Every structure is written in C-alpha cells, then in structure tokens.
Amino acid sequence: MKRVVKAWTVAATGSGLPSTLHAVITRGDPLAATRAAGTLAPGGKAGLVRGALVHGLVSAGWTAGLAYVDRRRPLSVADGVAAGAAIAVLDLEIVGRRNPAIRALPRGAQWLDHLAFGALTAVALRAARATAAGPPSRRRTGTSAVRSRRARGAASLGRRPRA
C-alpha cells in the first residue's frame with residue numbers, strides 16, 4: 001500500500017508539469033485544468049479545491065489500477081506511457097468530450113500530462129519495488145542450511161549430529 005501511495009504522490013503532482021509549462025509559456029491559466037476537473041464532481045461546478053479533490057481521487061484510482069497490473073507484470077516506462085495514452089483516451093476523448101470545461105483545455109498539453117502520469121507511475125512503482133526488495137539476505141536456505149542448524153543444535157546439547 002505504501003508503494004502505491006508514493007507512486008500516486010509522484011505521478012499526481014509531477015504529471016501536471018507539461019500543461020503548467022504550456023500555460024506559463026502561452027500566458028494562460030496554469031490552474032485551469034485543476035478547476036476544470038472540479039466540473040466532473042456532482043453539481044458540475046468548477047473550483048480549485050473541488051478540482052484538486054477530483055484530480056486526486058481520479059489519479060488515485062488510475063494509480064491503483066496500474067499498481068495492480070504492475071504486481072502481476074512489472075511496468076516499464078514504455079508500458080506506463082502506453083497506459084497514460086489509454087487513460088487520456090478515456091479521460092479526455094470519451095468523458096471530456098461531453099464536458100465543456102475539459103473540452104476547452106489545450107489538447108496537446110493535456111495529452112502530455114496523461115503520458116507523463118503513466119510514465120511517472122511506472123517509474124515510481126519500479127523504484128518502490130526496488131526499495132522494498134532491499135539487499136539480498138545473507139541467511140542460508142535449503143537442505144544444507146537445515147543440516148547446519150541441526151548440527152549446531154545437536155552440538156549445543158552434547159550429541160552427535162545426524163547425517
């Protein structure tokens with residue numbers, strides 16, 4: 001669960017960089033996408049807090065879905081980008097097509113945000129997996145390890161170890 005929360009945090013915050021940069025360069029509103037996300041909640045009102053909550057929930061759902069896939073087959077960055085493209089089709093082209101606030105957002109920048117989301121999620125899940133694995137254990141396993149433990153146990157009791 002901790003790895004999914006870390007991946008969600010990284011992807012949800014970092015994936016907005018393309019549209020934010022686009023808005024700054026074109027002198028648009030860098031928070032327009034966040035406000036537009038608020039219109040997806042019941043009531044359909046745009047708002048910064050509402051939009052941040054909706055964006056957080058939607059991102060959490062997509063991150064959980066990608067983490068589920070990642071546990072069965074680790075995602076590469078290319079897999080993450082492909083997943084981001086699939087998410088963009090659903091979010092922007094199917095759901096967003098019916099929503100004027102989302103439809104008004106710059107398409108290319110929004111697509112880049114989604115691609116970045118998928119890539120960042122894959123990278124964060126991979127990093128969390130590598131951290132969770134840690135260094136290899138020095139503990140011996142297998143038949144010879146069992147025999148060694150038996151021998152040490154028998155020696156401490158003053159008996160001869162079994163073969």
Side-chain angles (χ1 to χ4, degrees), residues 1-139 141:
M1 179 63 125
K2 189 186 280 189
R3 77 184 192 99
V4 177
V5 171
K6 285 181 181 180
W8 169 70
T9 303
V10 168
T13 56
S15 65
L17 192 57
S19 64
T20 302
L21 286 174
H22 178 270
V24 168
I25 290 167
T26 62
R27 298 187 182 180
D29 179 5
L31 299 174
T34 304
R35 285 190 191 91
T39 63
L40 296 172
K45 295 179 184 176
L48 191 57
V49 173
R50 231 174 123 91
L53 288 171
V54 169
H55 179 264
L57 289 171
V58 169
S59 296
W62 286 122
T63 303
L66 291 175
Y68 178 82
V69 171
D70 183 71
R71 285 180 75 64
R72 274 124 189 89
R73 187 179 77 77
L75 297 173
S76 67
V77 174
D79 294 334
V81 171
I87 293 168
V89 167
L90 289 168
D91 285 356
L92 301 172
E93 307 304 331
I94 295 174
V95 174
R97 182 181 305 173
R98 294 185 214 123
N99 184 303
I102 292 174
R103 201 171 49 239
L105 297 170
R107 261 305 165 260
Q110 289 303 306
W111 267 83
L112 288 175
D113 281 357
H114 282 74
L115 299 178
F117 175 83
L120 288 169
T121 302
V123 168
L125 289 171
R126 177 181 289 178
R129 192 171 46 254
T131 302
S137 173
R138 296 193 54 134
R139 185 172 179 214
T141 58

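Only a predicted model underlies this, so the values are computations on that prediction, with no experimental measurement involved.
Taken from CG in L31 to OG1 in T20, the straight-line distance is 7.5 Å, to the nearest 0.5 Å. Distance check: H55 NE2 to D113 CG gives 7.5 Å after rounding to the nearest 0.5 Å. For the atom pair T121 OG1 and W62 CH2, the distance stands at 11.5 Å (nearest 0.5 Å). Taken from NE2 in H22 to CD in Q110, the straight-line distance is 9.5 Å, to the nearest 0.5 Å. Taking CG from L105 and CG from L92, the interatomic distance works out to 8.0 Å, rounded to the nearest 0.5 Å. Atoms CG and CZ, from L40 and R98 in turn, are 11.5 Å apart once rounded to the nearest 0.5 Å.
A pairwise comparison of heavy atoms in V77 and A119 identifies CG1-CB, 4.1 Å as the closest pair. Residue R129 comes nearest to R3 through the heavy atom pair NH1-NH1, 4.3 Å, listed as atom of the first residue, atom of the second, then distance. Taking each heavy atom of P18 and A116 in turn, the nearest pair found is CG-CB, 4.3 Å. Residues A7 and A124 approach most closely at CA-CB, 3.5 Å, considering heavy atoms. Annotation for A122 and S76: closest pair CB-O, 3.4 Å, computed over non-hydrogen atoms. Listed here is the closest heavy atom pair of D70 and L75: OD1-N, 2.8 Å.
For the pair R72 and Y68, the cation-pi test (distance below 6.0 Å, angle within 45°) is passed.
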Hey, can you pull the donor-acceptor pairs under 3.5 Å for the side chains in residues 43-54, sequence neighbours left out?
from, atom 1, to, atom 2, distance (Å)
R50, NE, G38, O, 3.2
R50, NE, K45, O, 2.9
R50, NH2, A41, O, 3.3
R50, NH2, P42, O, 2.6

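Put simply, the side chain of S59 never gets that close to the backbone of G56: no donor and acceptor are under 3.5 Å apart.
Screening L120, I87, V81 against L115 for a side-chain contact (heavy atoms from CB on, under 4.5 Å) leaves a single residue, V81.
Around the CZ atom of R71, the shell of radius 6.0 Å holds no more than 12 heavy atoms that belong to other residues, nucleotides or ligands.
Annotation: side chain of W111 is in contact with side chain of V89 (closest heavy-atom distance under 4.5 Å).
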